[in-house]
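Here is the structure we will look at.
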2 protein chains.
Amino acid sequence: MTNNFELSNNERLVMDVLGRENSPKSAYMILDELRGSGFRAPLQVYRALEKLIGMGRVHRLESLNAFIACNHISCEKTGGTAFVICNRCEHVQEVCDDSVSLFLSGLAKKTKFKASKTSIELHGICDACEDA
Amino acid sequence: MTNNFELSNNERLVMDVLGRENSPKSAYMILDELRGSGFRAPLQVYRALEKLIGMGRVHRLESLNAFIACNHISCEKTGGTAFVICNRCEHVQEVCDDSVSLFLSGLAKKTKFKASKTSIELHGICDACEDA
DNA sequence: CTTTGGTATGTTATAACATAACATTAAATA
DNA sequence: TATTTAATGTTATGTTATAACATACCAAAG
C-alpha cells in the first residue's frame with residue numbers, strides 16, 4: 001500500500017463487499033462473499049479489515065463481532081462514534097456529532113482517563129420497525 | 001432458582017470468582033478456576049453468567065468478551081453504564097450516573113430509537129498508569 | 001406415594017470468531 | 001540485478017460461544 005488513499009487489491013474487494021449495503025457483516029460472511037474472487041482464508045479478510053479500520057473507512061461493532069462501512073467522510077476527526085443498531089431489521093445508524101464527543105470527553109475527564117479507543121453501541125428497535 | 005436473591009450452586013461459584021477481584025475475566029478463565037469445584041464444560045459458566053447478568057450482578061464487556069462483577073448496588077435502575085478500561089493495568093471503572101443516562105436518552109430520542117441494551121466502553125490509560 | 005412438570009445441571013459436539021507462524025510473490029529501489 | 005520491503009497466501013491452532021440431547025432434582029397435583 002503506498003498511501004491512505006489507495007487500497008490494495010484485497011482491501012478494495014473487502015471494501016466493496018461492505019460498501020454494497022449499509023449492514024454489518026462478520027469477517028466470515030465477507031470471506032464467503034469473496035471466495036469467488038479467490039479468497040480462501042480468514043486472514044485475508046482480517047488483514048484487509050485492519051487496514052480499512054485504521055483508515056477510518058470501516059468500523060468494528062464490538063457487540064456483534066461484525067464490521068460496517070463508515071458512512072461519513074471520516075470519523076477520525078471526531079471524538080467518537082455511536083452506533084444505533086436495530087435488532088429487528090439490523091439497520092445501523094452511525095452518530096458522530098458534538099453530543100457524542102462531549103459526552104466522551106466529559107467521561108474521560110471525570111475518570112481521569114486518556115481514551116484511545118471508544119465503543120458506544122445501542123441495541124433495540126428502530127422507528128421504522130416500531131411502526132410496522 | 002426460587003428468586004432473584006438466591007443463587008443456584010453454579011451461579012454462586014461463578015459469582016465468587018468474579019467477586020474476588022474487580023477485574024474482567026473470560027468465561028474460559030472462570031471455567032479453569034472452577035475445575036476444582038467440578039466444572040467441566042463452558043456451558044456451566046455461560047448459563048450461570050446469563051442468569052447473573054439478568055439479575056444485574058454481572059456485566060459483560062463486549063469489547064473484551066469478558067465479564068465483571070457489578071460494583072454498584074444495582075445498575076438496573078439507571079439508564080446505562082459506561083466502562084472505562086485501562087489497557088495497561090486492566091482496571092475497570094464503572095460509571096453509571098445521570099450524564100450517562102442523559103446521553104443515552106438523548107441519543108435514543110435523536111435517532112427515534114427504543115434501546116433495550118447499551119454498551120459504552122472506553123479503552124486507554126488510567127491516571128495511575130499515566131503517572132507511573 | 002407417585003406422576004407430572006419445571007428448573008437446573010451435565011455432556012458431547014460443533015459453530016463462530018480470531019491470530020500465530022511461516023512460505024511465497026511482487027513491487028520498489030539501491 | 002540484488003536487496004529489501006510490503007502484500008499475500010497457507011496451514012494450523014487458539015479462543016469464544018451455542019446447539020442438541022441426557023440426566024437429576026424438587027415441588028405441587030392427583
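Chain letters run A, B, ... following the sequence lines, proteins first and then strands; every chain starts at 1.
Straight-line distance from the CZ atom of A/F39 to the P atom of C/dA18: 16 Å, rounded to whole Å. One atom, CD of B/E62, and another, P of C/dC17, lie 13 Å apart when rounded to the nearest Å. Distance A/M29 CE to C/dA16 C1': 12 Å, rounded to the nearest Å. The separation between A/L34 atom CG and D/dG9 atom P is 11 Å, rounded to whole Å. Summarising the geometry, the separation between CD on A/E50 and C1' on C/dT19 is reported as 10 Å, rounded to the nearest angstrom. Across the protein-nucleic acid pair, B/L7 atom CG and C/dT9 atom C1' stand 16 Å apart, rounded to whole Å. Rounded to whole Å, the distance from CG on B/L43 to C1' on D/dC21 is 12 Å. Taking atom CG of A/L31 as the reference point, atom P of D/dT10 lies 12 Å away to the nearest angstrom.
Looking at the side chain of B/K51, the nearest of the listed nucleotides D/dT8, C/dA8, D/dA17 is C/dA8. For B/A41, counting side-chain heavy atoms from C-beta on, the closest listed nucleotide (C/dT11, C/dA18, D/dT10) is C/dT11. Among the nucleotides C/dA20, D/dT18, C/dT11, the one closest to any side-chain atom of B/R40 is C/dT11. For A/F67, whose side chain is taken as the heavy atoms from C-beta onward, the closest listed nucleotide among C/dA18, D/dA20, D/dG9 is C/dA18. Minimum atom distance to the side chain of B/S8 is reached by C/dA8, of the listed C/dA8, D/dT18, D/dT10. Here C/dG10 is the nucleotide among D/dA17, C/dC17, C/dG10 with the atom lying nearest to any side-chain atom of B/N10.
Across the interface with DNA chain C, nearest-nucleotide mapping of B/Q44 and B/N65 shows B/Q44 to be the residue nearer the 5′ end. Residue whose closest nucleotide on DNA chain C sits further toward the 5' end, between B/N9 and A/S26: B/N9.
Atom NZ of B/K112 has 12 or fewer heavy atoms from other residues, nucleotides or ligands within 6.0 Å. Counting heavy atoms of neighbouring residues, nucleotides and ligands inside a 6.0 Å radius, atom CD of A/E130 exceeds 12 of them. Within a 6.0 Å radius of CZ in A/R40, other residues, nucleotides and ligands contribute 12 heavy atoms or fewer.
Nucleic acid contact class of A/R47 (heavy atoms, under 4.0 Å, all strands): base.
Dashed line: the shortest gap from a side-chain N or O of B/Y46 to OP1 or OP2 of D/dA17 is under 4.0 Å.
Each of A/T81, A/V84, A/L104 was scored for a side-chain contact (heavy atoms from CB on, under 4.5 Å) with A/I120, with one residue passing: A/L104.
A donor and an acceptor atom sit less than 3.5 Å apart, one in the side chain of B/Y28 and one in the base of D/dA17.
Salt bridge annotation for B/R57-B/E11: absent, with no cationic side-chain nitrogen under 4.0 angstrom from a carboxylate oxygen.
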